[in-house]
Amino acid sequence: MIDAEKIYQKLKDEKVKKAVEVQSFVRYKMKEFLHHRGFVEIPPVIISPITDPLRHSTYDAHIDYYGHRYSLTKSMIFHKQLSLIPFEKIFIFSPNIRLEPEERRATGRHLAEFTQLDLEVRDATREDIMDLVEDMLIEIIRESKDKFKLDVDVPSKPFPQVTFKEAYEKYESDFEVSLSREMETPFWIIDMPLSHREFYDREYKDGVLRDMDLVYPLGFGEAASGGEREYQYERIVDRIKRGGYDLKSFELYLEFAKKGLPPSAGIGIGIERLTRYLCKLDSVEHATLFPKVIGEPGI
Ligand code: ASN
């Protein structure tokens, strides 16, 4: 049952009000920053026959319309690649639906509906994107801290980097949580193995990818993920097969890949997670007015 009283009280919660104000400012500043760097904002895609299959388990959400099956967008990765046919640099405030399993509820970082600032740049390297994100976050954290008197440190460049292998050897599978608790500044985990990521992140050594996660310090966990992309038809086919997928599920995407996709790199930054980090909230559910908390009905 939907708890209307709880939702009503949340709308009067000063902590939530402030977080949404901070988020509004963050979105405005992100747009400004990216416009200055020559990016074009494209509108979000909410339903499509192609969406991110995602490596981790989420339940599929579909709607059927005139005999066509549309998925609700889990991420716009494929549309980002296609948007680089007309444009060199694009971004979207992309609403994503991910019907996450119950066990993710306790992370404080997952909602069934959230928004990511998703950006992609033609002919870019992973390092170009890391450099851009560092500049953008430093500016946004500094300006939000000043405007809202936030208790957050302004990081400096370059953010520390650790490879997946180093992190795994030190902390085993829980490395992201352990490192996040230990660090005092945002940092990158790079070179994820193929088994941990989707087929669209580019492989450069046997089974190692040209990709990266940005992680917040003080236990706030994953902030963003991205990488360089596979864009050549034959390589994409090979990666889909090695990922254990049926080629048929990606028929349409493969048709586009055959016609030609530009090389690119990009990243997606969770907006509610950034808000949570800036405002030091215990959960992303307090970073938005109408959260879809995992396992709990919302409006
Ligand atoms: N937005 C991510 C990226 O650019 C993909 C995702 O959200 N799964 O790599």
Side-chain angles (χ1 to χ4, degrees), residues 30 34 39 41-46 48 50-61 71-84 87 89-101 104 107 109-134 136-137 164 176 188-204 208-215 221-231 236 239-240 243 245 250 253 261-274 284:
M30 284 173 154
L34 292 171
F39 281 74
E41 180 176 10
I42 62 164
V45 169
I46 311 279
S48 171
I50 50 173
T51 192
D52 193 332
L54 292 182
R55 195 74 237 169
H56 63 268
S57 54
T58 51
Y59 308 107
D60 274 333
S71 294
L72 272 65
T73 294
K74 290 186 204 160
S75 99
M76 275 179 62
I77 181 66
F78 303 138
H79 296 84
K80 288 203 298 180
Q81 287 184 293
L82 290 168
S83 305
L84 295 184
F87 299 113
K89 301 173 177 184
I90 56 105
F91 72 96
I92 324 113
F93 284 98
S94 175
N96 290 182
I97 301 296
R98 296 188 186 173
L99 305 182
E100 304 276 2
R104 292 223 176 82
T107 63
R109 283 181 302 152
H110 291 90
L111 289 171
E113 178 185 66
F114 69 95
T115 300
Q116 58 173 322
L117 170 70
D118 225 349
L119 60 90
E120 197 76 18
V121 179
R122 202 198 287 157
D123 294 320
T125 63
R126 168 176 74 184
E127 286 67 28
D128 295 335
I129 301 297
M130 290 161 81
D131 193 51
L132 176 92
V133 168
E134 290 183 6
M136 181 167 70
L137 280 184
F164 177 94
E176 198 169 285
W188 299 100
I189 300 175
I190 60 168
D191 286 0
M192 250 65 77
L194 206 127
S195 56
H196 274 63
R197 290 296 263 258
E198 271 312 333
F199 65 78
Y200 47 75
D201 280 353
R202 190 162 178 84
E203 185 179 9
Y204 79 111
V208 180
L209 306 176
R210 290 275 302 158
D211 60 1
M212 69 292 203
D213 271 0
L214 179 71
V215 185
E222 189 192 318
S225 65
E228 288 173 25
R229 314 302 181 187
E230 296 291 359
Y231 60 95
I236 298 175
R239 289 290 304 281
I240 293 177
Y245 293 110
F250 298 98
Y253 173 61
L261 296 171
S264 68
I267 197 165
I269 304 170
I271 296 296
E272 293 83 356
R273 289 180 180 184
L274 176 54
V284 279

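Whatever order the structure lists ligands and atoms in, that order sets their numbers, starting from 1. For the single chain, residues carry numbers from 1 onward in sequence order. In what follows, every heavy atom counts, from backbone to side chain, and hydrogens, waters and symmetry copies are set aside. Computed from a predicted structure; not experimentally measured.
Here the protein heavy atom with the shortest distance to atom 5 (C) of ligand 1 is Y200 OH, 3.7 Å.
Within the 4.0 Å heavy-atom criterion, the part of L54 lying near ligand 1 is the side chain and not the backbone. With a 4.0 Å heavy-atom cut-off, ligand 1 is reached by the side chain of Q116 but not by its N, CA, C or O. Under 4.0 angstrom from ligand 1, the non-hydrogen atoms of D52 all belong to its side chain. Using a 4.0 Å cut-off between heavy atoms, K74 makes no contact with ligand 1 at all. Of the heavy atoms in E228, none comes closer than 4.0 Å to ligand 1.
Annotation: E120 places no N or O atom under 3.5 Å from an N or O atom of ligand 1; distance criterion only.
Residues D128 and V121 form no side-chain contact, since every pair of their non-hydrogen atoms from C-beta on lies 4.5 Å or further apart. Between R98 and S75 the shortest side-chain heavy-atom distance falls below 4.5 Å.
Per-residue contacts place D118 under 4.0 angstrom from the following atoms of ligand 1 (heavy atoms of the residue considered): 1 (N), 4 (O). The ligand atoms of ligand 1 that sit less than 4.0 angstrom from a heavy atom of G226 are 9 (O).
Using bins of under 30°, 30° to 60° and over 60° for the plane-to-plane angle, the ring pair Y253/F199 lands in the tilted bin.
No hydrogens or angles considered: nothing links the side chains of E228 and Y204 as a donor-acceptor pair under 3.5 Å.
For the side chain to side chain donor-acceptor pair (under 3.5 Å) test, residues two or more places apart in sequence or in another chain that qualify with R229 are E120, D201. Contacts of E41 classified as side chain to side chain donor-acceptor pair (under 3.5 Å), with partners at least two apart in sequence or in another chain: K31.
Close to ligand 1: S225, with a non-hydrogen atom less than 4.0 angstrom away.
Across R98, E198, Q81, heavy-atom proximity to atom 7 (O) of ligand 1 is greatest for R98.
For the side-chain contact (heavy atoms from CB on, under 4.5 Å) test with R126, the passing option among D191, L209, I267 is D191; the others fail.
Ion pairing between R197 and D213 holds under the 4.0 Å rule for side-chain N and carboxylate O.
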